[in-house]
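These notes concern the structure reproduced below.
What you see is a predicted model; the values in this text were computed from it and never measured. Residue numbers start from 1 in every chain, and the chains themselves are labelled A, B, ... in the order their sequence lines are given, proteins ahead of strands.
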Amino acid sequence: MSQLFDALLLLLLIATAITVVRATDLVAAVVKFGLYSLMMCVLWQHRGAPDVAIAEAAVGAGVTSVLFLLTVARTTRVEKP
Amino acid sequence: MVLFGVDVDYLAFVVLFCVGLYMLVRKSNLLKKLLGLNVMETAVFAFLVTSGMIEGADPPIRTAGTGPLFANPIPHAMVLTGIVVAVSVTAVALALIVQIHAHYGTIEVDELKGLP
Amino acid sequence: MRWLGLALVVVAAATLMLGVADLPPHGAHDAPVHTHVGARYLERGVAETGMRNLVTAVLLVYRGFDTFLEVVVIFSALVAVVALPRGRAARSRDGDDQPPAALLTREGPAQERISVSPVVAFVVQLLGPFIAVFALASLYRGHVSPGGGFQSAAIFGALFIALALVQGRERAARLVPRGARVWLQALGPLSFALIGGVGWVLTGAFLGYPAEAAAYALREAMVVAVEIGIAVGGAVILAQLFMAMEG
């Protein structure tokens, strides 16, 4: 059961990372990156690292995403192909 | 889980690292490059945390009713340090991206090439 | 040139695969990573440092210099971001139709202000006190349960950013007293240096902690002082980074 959960989570992580690469709307890319970070901290909690999971949930998914979004608001929103 | 002599979890982290590296190298948009760098960093952190885990072990907090096996605390401490450094690097890079946009009006590397 | 980047990715992937293939499978309790210094910390950490959370023990006691310089790193990041010229300080370029000043003003194309939904604002304000209590608990109980200075700083910083997004930056900025801001944002390195100096006087080594069982209360007080410094300093730095990037 635990191995199935891990395998599913890893597959979802890879899929999310690929959608970050493919997104041309930068807001969408940043939100998907936040999702990637949150799933990563679920994985770490599952692997016996609650300290790291708390820090990643607050900093990696929260603060970093907000800083990225502020930058998007002050520059451009669309990635040119 | 081991497949063809390689641990599947480590394999997944290598794939994530390479997805981030691809984004860093091939994308022209500076913001996408920075997102790629962050994906790479997170993959490395996940590798370190996973290398510190022990099957069926408790988190490394020795209170009553835990044990006898505990996860290795050193990778966790290293990753905590790494997360803080990662957010510092990201903040400085984002501030520079805002400045580049203010000076040149674009954040695409292809368009920035050759500008004075 | 496009194939060069792809080739780099393929080479990196192959190299990493070769490296990973030699590692023992994860989760084995007798892998080399678990049998050296990690095992020693697990075995004697509680007796040597008095902290039950061994991650905090490694961060503050066994690897104190590392953490000291890490606090300096995030402080330097704030200095770098604040030192960059603000907003419309861009130099003018010849032959440009648009004056550079217009690129960053609020009227620019990417600057549509979106008002916050009342539901989101209400939920953030409702949960705010509970998040603050959680951050305080993870600071105060950081050496016996999951948490510690950095986690507390991260939660406080995220809470400040959430409040600033729903209430406006002026109201949120009042949470950090203006006169004390300069000192608060440097509190991490300052408290670390101070406690390191105290340890030097007491034990003869920078960042040393008195090891005798009788000095238990003193050691605890030193650890809590460093943790408070990291938490308050880190939270103020995250808040200042947000303010610098936003305005």
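- For L67(A), the parts lying near chain B are the backbone and the side chain together; criterion is any non-hydrogen pair under 4.5 Å.
- Taken from CE in M39(A) to CG in L8(A), the straight-line distance is 11.0 Å, to the nearest 0.5 Å.
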request  = Could you give me the CA-CA distance, side-chain angles and deciding distance for D6(A) and R47(A), then say whether side chain to side chain contact (heavy atoms under 4.5 Å, CB included) is met?
outcome  = CA-CA 10 Å; D6(A) 272 13; R47(A) 304 225 149 146; 2.6 Å; yes
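- Atom CZ in F33(A) sits 4.5 Å away from atom OG1 in T42(B) (nearest 0.5 Å).
- Listed options P59(B), P60(B), A77(B) were ranked by heavy-atom pairs under 4.5 angstrom with chain A; first place goes to P59(B).
- By number of non-hydrogen pairs under 4.5 angstrom with chain A, the leading residue of T90(B), V39(B), V15(B), V79(B) is V39(B).
- In this structure, chain A has no heavy atom under 4.5 Å from any part of A57(B).
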ask   = When you look at Y36(A) and T19(A), which way does the side chain to side chain contact (heavy atoms under 4.5 Å, CB included) test go after all the steps?
value = CA-CA 10 Å; Y36(A) 169 83; T19(A) 60; over 6 Å; no
Show the atom names and distances, to 0.1 Å, of all donor-acceptor pairs under 3.5 Å that link a side chain in residues 16-31 of chain B to residues at least two apart or in another chain.
unit_1 : atom_1 : unit_2  : atom_2 : d
K27(B) : NZ     : V21(A)  : O      : 3.1
S28(B) : OG     : E108(B) : OE1    : 3.2
S28(B) : OG     : V109(B) : N      : 3.3
S28(B) : OG     : D110(B) : N      : 3.3
N29(B) : OD1    : L31(B)  : N      : 2.8
N29(B) : OD1    : K32(B)  : N      : 3.4
N29(B) : ND2    : E108(B) : OE2    : 3.1

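- Ring planes of H46(A) and F5(A): tilted class, angle from 30 to 60°.
- Note: T50(B) leads T50(B), T106(B), V84(B), I61(B) in heavy-atom pairs under 4.5 Å with chain A.
- Heavy atoms closer than 4.5 Å to chain A are found in both the backbone and the side chain of L35(B).
- No other option in A71(B), A12(B), P75(B), A95(B) has as many heavy-atom pairs under 4.5 Å with chain A as A12(B).
- Interface summary for chain A: among N38(B), D58(B), I54(B), the most heavy-atom pairs under 4.5 angstrom belong to N38(B).
- Note: V20(A) leads V20(A), V63(A), D51(A) in heavy-atom pairs under 4.5 Å with chain B.
- Looking at L13(A), both its backbone and its side chain come within 4.5 Å of chain B, counting heavy atoms on both sides.
- T64(A) places a side-chain N or O within 3.5 Å of a backbone atom of V59(A) that can act as its donor or acceptor partner.
- If you tally non-hydrogen atom pairs under 4.5 Å between each of M53(B), E41(B), E55(B) and chain A, the highest count goes to M53(B).
- Rounding to the nearest 0.5 Å places OG1 of T24(A) at 13.0 Å from NZ of K80(A).
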